[in-house]
Every structure is written in C-alpha cells, then in structure tokens.
Amino acid sequence: GPGTVTEMAKVPVGTAAASNPLLTTIATQATAAGLVDTLNNAKDITVFAPTNDAFAKVPAATLQALTKDPTGALASVLKYHVVAGTLTPSNLAGTHKTLEGQSITVTGSGESFTVNGSAQVVCGNVKTANATVYVIDGVLVPPAK
C-alpha cells in the first residue's frame, strides 16, 4: 500500500514521504516551508530524510523557533537534507554540497553510514520517481554561517 518501497518508487519524493508513516513529520515540515513542489519537481536528487522519531528528539523550543520562520530557518534546515545528484551506496561516503549551500559529510560503507558524525542511515537507497532517499535517525542542522 501507500508508503511501501514499491509505492514510493511510483511518485515524487515529497508525495512519497507524506505517504510513508515513518516520514510524516518531514513531509509536514516541507509543506509548511513551501518546499513540496520544489522537491517533487527536482530531478535526480538525494534526500536524507529524518524519521518522525528524529524530529521528536529535537528540543521543543528549537522546533518551535524553526516553525515560526517556515520559509527562512525551517526551509534552510530542510534544504540541508537535500543533495543534487543521485547518491548510491557506492558513492555515498564523502562530502556533498546541499541545496542549502553548505556541505554534509557521510562516512561508512556497506550498510553502515553516518551523516555529519551523528545521524545514522537506518534505511537507504530507497527510490522515488525523482529521488533517492536515505532515512536517517537524526535531524541535520547546518553550521552557522
């Protein structure tokens, strides 16, 4: 049914995330930030999608501050989870520039990868109609500019 890997492959990433029960929070946040159309229309992107549990670990005050500035601070955090191009497990490790403008660093190999030294990939290389998704257990925050 909706949200399964098979069904996610048929629709663009923003729609796929909204239908996956593990990713409803990021889908809601992307809607609030006005990024769903951007994500759905992008070609060949890689998304590091935090689980609902990852968002639950973010301090309430921090999450409230982000949601009060949906097209600014929240959009920046969400764009920091998106990389142009398709990353497969064979080229996942390394430093990758995000749509936010700064880079993330992925370490590991095989089936064990960590993003920015803290977020573990819990499920990876999930295909959607326009993206590759790596589900992670932490929310990535861009360094202060």
Side-chain angles (χ1 to χ4, degrees), residues 3 5 8-145:
V5 174
M8 287 179 69
K10 298 176 184 176
V11 294
V13 68
T15 304
S19 68
N20 186 304
L22 295 175
L23 304 176
T24 55
T25 302
I26 193 169
T28 299
Q29 300 297 349
T31 299
L35 293 175
V36 174
D37 287 342
T38 300
L39 292 171
N40 279 348
N41 293 319
K43 301 289 182 224
D44 301 321
I45 57 174
T46 299
V47 178
F48 293 89
T51 62
N52 297 339
D53 289 343
F55 276 100
K57 290 189 273 184
V58 174
T62 302
L63 199 52
Q64 271 186 332
L66 290 173
T67 56
K68 284 183 181 177
D69 186 13
T71 58
L74 179 60
S76 289
V77 168
L78 295 176
K79 289 177 184 177
Y80 190 63
H81 291 78
V82 183
V83 173
T86 302
L87 297 177
T88 64
S90 64
N91 67 350
L92 188 59
T95 300
H96 309 284
K97 188 172 183 179
T98 69
L99 295 188
E100 183 268 344
Q102 298 187 74
S103 296
I104 58 171
T105 301
V106 181
T107 56
S109 62
E111 294 182 12
S112 179
F113 291 95
T114 303
V115 185
N116 284 357
S118 61
Q120 299 290 318
V121 173
V122 295
C123 180
N125 205 27
V126 177
K127 303 295 183 197
T128 71
N130 69 323
T132 301
V133 178
Y134 290 88
V135 179
I136 57 176
D137 69 357
V139 175
L140 307 173
V141 178
K145 291 183 181 179

With rounding to the nearest 0.5 Å, note down the distance linking CG in L63 to NZ in K68.
11.5 Å

To the closest 0.5 Å, what do you measure between CG (L140) and CZ (F48)?
8.0 Å

Determine the minimum heavy-atom distance between P70 and A32, stating which atoms define it.
CB-O, 3.3 Å

Work out which heavy atom in A84 is nearest to a heavy atom in I45; give both atom names and the distance.
CA-CG2, 4.4 Å

For the student: nearest non-hydrogen atoms of L39 and A30, plus distance:
CD1-CB, 4.3 Å

In short, side-chain hydrogen bond (donor to acceptor under 3.5 Å, both in side chains) pairs touching residues 33-47 with sequence neighbours left out are T15-N40

Is a side-chain donor or acceptor of K57 paired with a backbone partner of D137 at a separation under 3.5 angstrom?
yes

For V135, what residues pass the side chain to side chain contact (heavy atoms under 4.5 Å, CB included) criterion, not counting sequence neighbours?
L23, T51, V122, C123, V133

Sequence neighbours left out, what passes salt bridge (Lys or Arg N to Asp or Glu O under 4.0 Å) with K97? Give chain and number order.
none

To check you understand the geometry: which heavy-atom pair defines the closest contact between A27 and A17, and what is its length?
CB-C, 4.0 Å

Sequence neighbours excluded - ring pair (Phe, Tyr, Trp, His ring centres under 6.0 Å) pairs with any residue from residues 96-123
none

Pairwise side-chain hydrogen bond (donor to acceptor under 3.5 Å, both in side chains) hits with a residue in residues 20-31, at least two apart
T24-N52, T25-N52

Heavy-atom closest pair (Q102 atom, P143 atom, distance to 0.1 Å) is NE2-O, 2.9 Å

Can you give me the closest heavy-atom contact between P50 and I26, atom names plus distance?
CD-CD1, 3.3 Å

Could you work out, with side chain to side chain contact (heavy atoms under 4.5 Å, CB included) as the rule, every residue matching V77, not counting sequence neighbours?
L66, H81, V139, P142

Residues forming a side chain to side chain donor-acceptor pair (under 3.5 Å) with S109, sequence neighbours excluded:
none

Can you name the residues that form a side chain to side chain contact (heavy atoms under 4.5 Å, CB included) with S112, not counting sequence neighbours?
none

With S76 via side chain to side chain contact (heavy atoms under 4.5 Å, CB included) - residues at least two apart:
E100

The complete set of side-chain hydrogen bond (donor to acceptor under 3.5 Å, both in side chains) pairs with one or both residues in residues 114-136, sequence neighbours excluded, reads Y80-N116, T114-Q120, N125-K127, K127-T132, T128-N130

Just grab all the ring pair (Phe, Tyr, Trp, His ring centres under 6.0 Å) pairs involving residues 13-32, residues at least two apart or on different chains.
none

